[in-house]
Asker: 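Before I ask anything, here is the structure I am working with.
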Amino acid sequence: MEIKSINAETLQKMFIAGAKNLEAKKEWINELNVFPVPDGDTGTNMTMTIMSAAKEVGGLPAPDMETISKAISSGSLRGARGNSGVILSQLFRGFTREIKHYDEITVEVLTKACVRAVETAYKAVIKPKEGTILTVAKGMSDKACELLGESDDLVYVIDEIIKYGDDVLKRTPEMLPVLKQAGVVDSGGQGLMVVVKGAYDALLGKEIDYTLEGVVAPSVSIGNDDIPMDEADIKFGYCTEFIINLNEPMPEAEEASFKAFLESIGDSIVLVADDEIVKVHVHTNQPGEAFTKALTYGSLSRMKVDNMREEHHERLIKNAEKIAAQQKEEEEKKKAQEPKKDYGFIAVSVGDGLAEIFKGLNVDYIISGGQTMNPSTEDILNAIGEVNAQTIYILPNNKNIILAAQQAESLVEDKDVIVIPTKTIPQGIAAMIGFIPENSAEENREAMIDSMSYVKTGEVTYAVRDTVIDDKEIKEGNIMGIGDEGILAVGETVEDTTISMIQKMQDEESEIVSIYYGEEISAEEADTLSERISKELPDVEVEVYEGGQPIYYYVVSVE
């Protein structure tokens, strides 16, 4: 078989096949996580990221290269979860930025796209680490460049790229000692190879189920025939259609706001947006209001207004004006009652107790997340939209969420978003305590980062498999105490392991040990632990709080 080009229809099948292959093997990829904690989720994060894009891609009825590129890029960007998911979304973003300029993908276009994908992904990571998904992607890109000019057969070229990618993946343990010690390859790199191999199978014509749950093909036409209606049920007199030529891409939150406005003045609404235009259909009694609102986003074209119920024209307009006036008055009252604050806070947390602690520190919005379900970029964007403040500080409280938060930060234009790179819950709490209302936004950013630097964090959980890490032999079911830099203690009981971990965390300058107990620990068990710590470490003050977090028996901070 020889294939010299890939069109948009084939690319659509290839992308969905790659996504479904990853979804089918996500648990296997989860098992490759170095730390044997019960929340190993690289496969889950990457799957949720790519499936967000796959649903958009699968909903395109007749894609061209530009529309499918937008669906892949925007879908994965907003659905990105965890570091692995964010990096995967950036690889897609770079790849589609190149291919969208062509009608078909040839070997030359593929090579350019691979190079741009790697460049984009590396730029998204402040300190790229070799031996990861980035290394595997770069290896495949380098192989594509090496093969350029050797053959114009995509089947041969992609097969060679995959072989080389597998070879680079096998060598990741030599680049990262922690992988070698655990006896695994990089999970993110493995996930990328699974996606590419699934896409390649589709190119070869292998039998694949392309159906996706929850996908509804969007209606891109906005003619009258697309809006079924009963004449007796018509409440709004004018069928209004137009296209907005956007001055700049419409953010998702603004798109939702515009749709809500249209719903306030009419019904039978169809709104289809991309980066350059928005197609609108609405039945309304006030087409002028629809046009006026639309002009705030750009210029209008293909404007069309039909009178559907001419005999009821005057009565319907008066009713609509009354409703619109009432809604406008209610909205103005609501806005007057909720003035925009100078600053607000968003924290990622899990567990009712921890959520209450953050709320007590004036956090406006809690995103339910953490280890077991990393929030997506879109989740964070939605949270930003809910906080009525000009400057918003985001506390990811997990190293695997920082990139998604930074990605959301780059997408917001109407508010000042500042990501404080907190990696743990205790760091997030310390950062909030370091905030001073009278200081400037930049002064507070520096103060919050400085405050979290004085906190050491320990987390106690159980091992889900046998492994060796940091020269410590770990058996499935062992209790582990994990510190900022690795595993500090391994034992048979929660209490003994926690004590051992804290002893290694504290030093001569330590003054306070804060214990946040999880959902599987009773208040009595936490108090018993506290008493034991006080006896063994008499120079420190011990504080106990109900955290309610899953998976981790205790989260501990030492200051």
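The residues of the chain are indexed from 1 along the displayed sequence.
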Asker: I want to check something: taking the side chain as every heavy atom from C-beta on, are Lys100 and Ser73 in contact at a cut-off of under 4.5 Å?
Answerer: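 No, every pair of side-chain atoms sits at 4.5 Å or beyond.
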Asker: Heavy atoms, side chains only, cut-off 4.5 Å: are Asn398 and Val348 in contact?
Answerer: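 Side chain of Asn398 against side chain of Val348, heavy atoms only: no contact under 4.5 Å found.
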Asker: Going by an N to O cut-off under 4.0 Å, is there a salt bridge joining Glu108 and Lys112?
Answerer: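 A salt bridge links Glu108 with Lys112.
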Asker: Is the shortest side-chain heavy-atom distance between Asn21 and Val195 below 4.5 Å?
Answerer: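 No; the side chains remain at least 4.5 Å from each other.
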Asker: Checking the side chain of Thr49 only, and the main-chain atoms of Arg81 only, is there a donor and an acceptor separated by less than 3.5 Å?
Answerer: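 At least one qualifying donor-acceptor pair exists.
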Asker: Before accepting this row, confirm whether a basic side-chain N of the pair Arg445/Glu442 lies closer than 4.0 Å to the acidic partner's carboxylate O.
Answerer: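 Answer for the salt bridge query: yes.
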Asker: Any donor-acceptor pair under 3.5 Å linking the side chain of Thr120 with the backbone of Arg116?
Answerer: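 Yes: the side chain of Thr120 pairs with the backbone of Arg116.
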Asker: Counting distance only, does the side-chain N/O of Gln286 pair as donor-acceptor with the main-chain N or O of Ile265 below 3.5 Å?
Answerer: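 Checked: no pair found.
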Asker: Please say whether more than 12 non-hydrogen atoms of neighbouring residues, nucleotides or ligands are located less than 6.0 Å from CG in Asp352.
Answerer: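 No, not enclosed.
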Asker: In terms of the angle between their ring planes, are Phe345 and Tyr393 parallel, tilted or perpendicular, with boundaries placed at 30° and 60°?
Answerer: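 Because their plane-to-plane angle is under 30°, the rings of Phe345 and Tyr393 count as parallel.
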Asker: Would you say Ile87 and Thr132 make side-chain contact, with heavy atoms under 4.5 Å?
Answerer: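 No, side chains not in contact.
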Asker: Looking only at side-chain N and O atoms, does Thr42 offer a donor or acceptor that is under 3.5 Å from a partner on Asn45?
Answerer: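 The answer is no; no qualifying pair exists.
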Asker: Tell me, do Ile401 and Pro375 make a side-chain contact under 4.5 Å, heavy atoms counted?
Answerer: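 A side-chain contact under 4.5 Å exists here.
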Asker: For Asp103, I'd like to know if atom CG has over 12 heavy atoms of other residues, nucleotides or ligands within 6.0 Å.
Answerer: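 Not buried by this count: 12 neighbours or fewer within 6.0 Å.
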Asker: When you compare the side chain of Ile392 with that of Tyr365, does any pair of heavy atoms fall below 4.5 Å?
Answerer: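 Not in contact.
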Asker: Taking Thr422 for its side chain and Asn397 for its backbone only, find out whether a donor-acceptor pair lies under 3.5 Å.
Answerer: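 Side chain of Thr422 to backbone of Asn397: a pair is present.
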Asker: Taking the side chain as everything from C-beta on, heavy atoms only, tell me whether Glu104 gets closer than 4.5 Å to Val109.
Answerer: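 No, too far: nothing below the 4.5 Å cut-off.
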Asker: For residues Glu409 and Ile394, determine if any side-chain heavy atom of one lies less than 4.5 Å from a side-chain heavy atom of the other.
Answerer: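 No, too far: nothing below the 4.5 Å cut-off.
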Asker: Does the pair Lys138/Asp142 count as a salt bridge with the N-to-O cut at 4.0 Å?
Answerer: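 Yes.
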